[in-house]
Protein chains: 2
Amino acid sequence: MPDLDRTFAALSDNTRRAIVARLAGGEAPLSDLAEPFAMSLTAVSKHVRVLSDAGLVRITKRGRTRYCTLEATPMKDAADWLEDYRTFWEGQLESLARYLEEEN
Amino acid sequence: MPDLDRTFAALSDNTRRAIVARLAGGEAPLSDLAEPFAMSLTAVSKHVRVLSDAGLVRITKRGRTRYCTLEATPMKDAADWLEDYRTFWEGQLESLARYLEEEN
DNA sequence: AGCATAGTCAACCATACAGTTCAGTGTCAA
DNA sequence: TTGACACTGAACTGTATGGTTGACTATGCT
């Protein structure tokens with residue numbers, strides 16, 4: 001699953017997760033995306049390219065600006081992968097709860 | 001959220017996801033974990049360290065073998081982060097479904 | 001035509017990562 | 001006590017990542 005590789009890798013950076021969060025609110029031009037960050041536009045552009053390579057963001061050029069939109073599917077795939085372990089961690093956290101319970 | 005950074009980074013490798021999958025079935029010694037992979041034990045040991053640094057795996061030494069167990073919480077955090085976007089991608093995939101519907 | 005805006009490209013730097021090999025440590029078993 | 005087993009550590013290689021700057025392209029505005 002090299003797709004999952006790239007999806008998780010894309011999400012392993014705080015800046016990129018912030019970009020994703022921002023794009024969940026709707027499409028935005030690159031320069032708008034870059035504005036909140038204390039780094040060059042080039043750097044943000046690279047981050048967006050990583051997201052785009054991972055298929056999480058689609059870039060459409062209108063005039064001189066690039067509009068970015070969030071792409072759902074890869075994130076769903078990642079969530080689905082994690083979801084398979086939900087029962088596991090729910091069980092584990094429940095055990096923890098029981099353990100803490102008994103400790104009192 | 002540097003924790004999420006490390007969690008997602010840890011999950012961005014196929015080998016490590018396979019290790020996680022394996023550990024979901026119960027604790028296992030390092031050498032058992034390494035066995036299915038066409039790489040050195042050292043390499044697997046490094047992978048496990050990455051998982052351990054990210055808090056996804058706990059290593060307990062009994063005798064000369066290291067037993068690895070899956071640790072729930074960080075994966076839950078990652079899943080929770082992704083879960084926030086579920087409504088988003090469900091909406092988007094629904095739009096896609098409607099679009100495909102209308103195309104016929 | 002001329003300038004500002006939006007962004008890419010190329011080159012560079014430092015750090016991290018995935019993998020190797022080889023040598024070493026610690027533990028169990030005969 | 002000798003040897004096998006289960007690792008870890010150190011050193012090295014190649015490649016990726018996150019960031020910079022400076023030059024360039026392309027579009028829009030006046």
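Chain identifiers are assigned alphabetically (A, B, ...) following the order of the sequence lines, protein sequences preceding nucleic acid strands; residue numbering begins at 1 within each chain.
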In terms of heavy-atom contacts, A/Arg22 and A/Ala28 come closest through NH2-CB, 3.8 Å

- Using modelled atom types only, decide if a donor and an acceptor are shared between the side chain of A/Arg66 and the backbone of A/Lys61 within a distance under 3.5 Å. no

CG (A/Asp32) and OG1 (A/Thr65) are apart, to the nearest 0.5 Å, by 8.5 Å

Of C/dT8, D/dA6, C/dA18, the nucleotide closest to the side chain of B/Lys46 is C/dA18

* Counting just side-chain N and O atoms, does B/Arg49 come under 4.0 Å of either OP1 or OP2 of C/dC17? -> no

Ranking D/dA6, C/dA18, C/dG7 by distance to the side chain of B/Arg16, first place goes to C/dA18

Rounded to whole Å, CD1 of B/Ile59 lies from C1' of D/dT8 at a distance of 11 Å

Taking CZ in B/Arg86 as the centre, count heavy atoms belonging to other residues, nucleotides or ligands within less than 6.0 Å. Is the count above 12?
yes

Separation of D/dC5 atom C1' from B/Arg66 atom CZ, nearest Å, is 12 Å

Here the distance between atom C1' of C/dC17 and atom CG of B/Asp53, to the nearest Å, is 13 Å

B/Leu33 atom CG is separated from D/dA6 atom P, nearest whole Å, by 13 Å

The correct set of residues in residues 34-44 of chain A placing a heavy atom under 4.0 Å from DNA chain D is A/Met39, A/Ser40, A/Thr42, A/Ala43

note: A/His47, atom NE2; D/dA16, atom C1'; distance rounded to Å ~ 14 Å

Q.
Under a 4.0 Å threshold between the charged nitrogen and the carboxylate oxygen, would B/Asp13 count as salt-bridged to B/Arg17?
A. no

B/Ser31 has its side chain closest, among D/dC7, C/dA6, C/dA18, to D/dC7

Within the side chain of A/Thr7, is there an N or O that forms a donor-acceptor pair under 3.5 Å with the backbone of A/Asp3? yes

Separation between OG (A/Ser12) and CG (B/Asp5), nearest 0.5 Å, reads 6.0 Å

Under a 4.5 Å side-chain heavy-atom rule over Ile, Leu, Val, Met, Phe, Trp and Tyr, are B/Leu82 and A/Val50 clustered together?
no

Rounded to whole Å, CG of B/Leu30 lies from C1' of D/dC7 at a distance of 7 Å

Could I get a table of every N or O pair under 3.5 Å where one atom is in the protein and the other is in nucleotides 24-30 of chain C?
from, atom 1, to, atom 2, distance (Å)
C/dT27, O2, B/Arg64, NH1, 3.4

Taking 4.0 Å as the cut-off, does a side-chain nitrogen or oxygen of A/Ser45 come that near to OP1 or OP2 on C/dT8? yes

Under-4.0 Å salt bridge between B/Glu27 and B/Arg58 | no

B/Arg6 CZ to C/dT15 C1', in whole Å, measures 16 Å

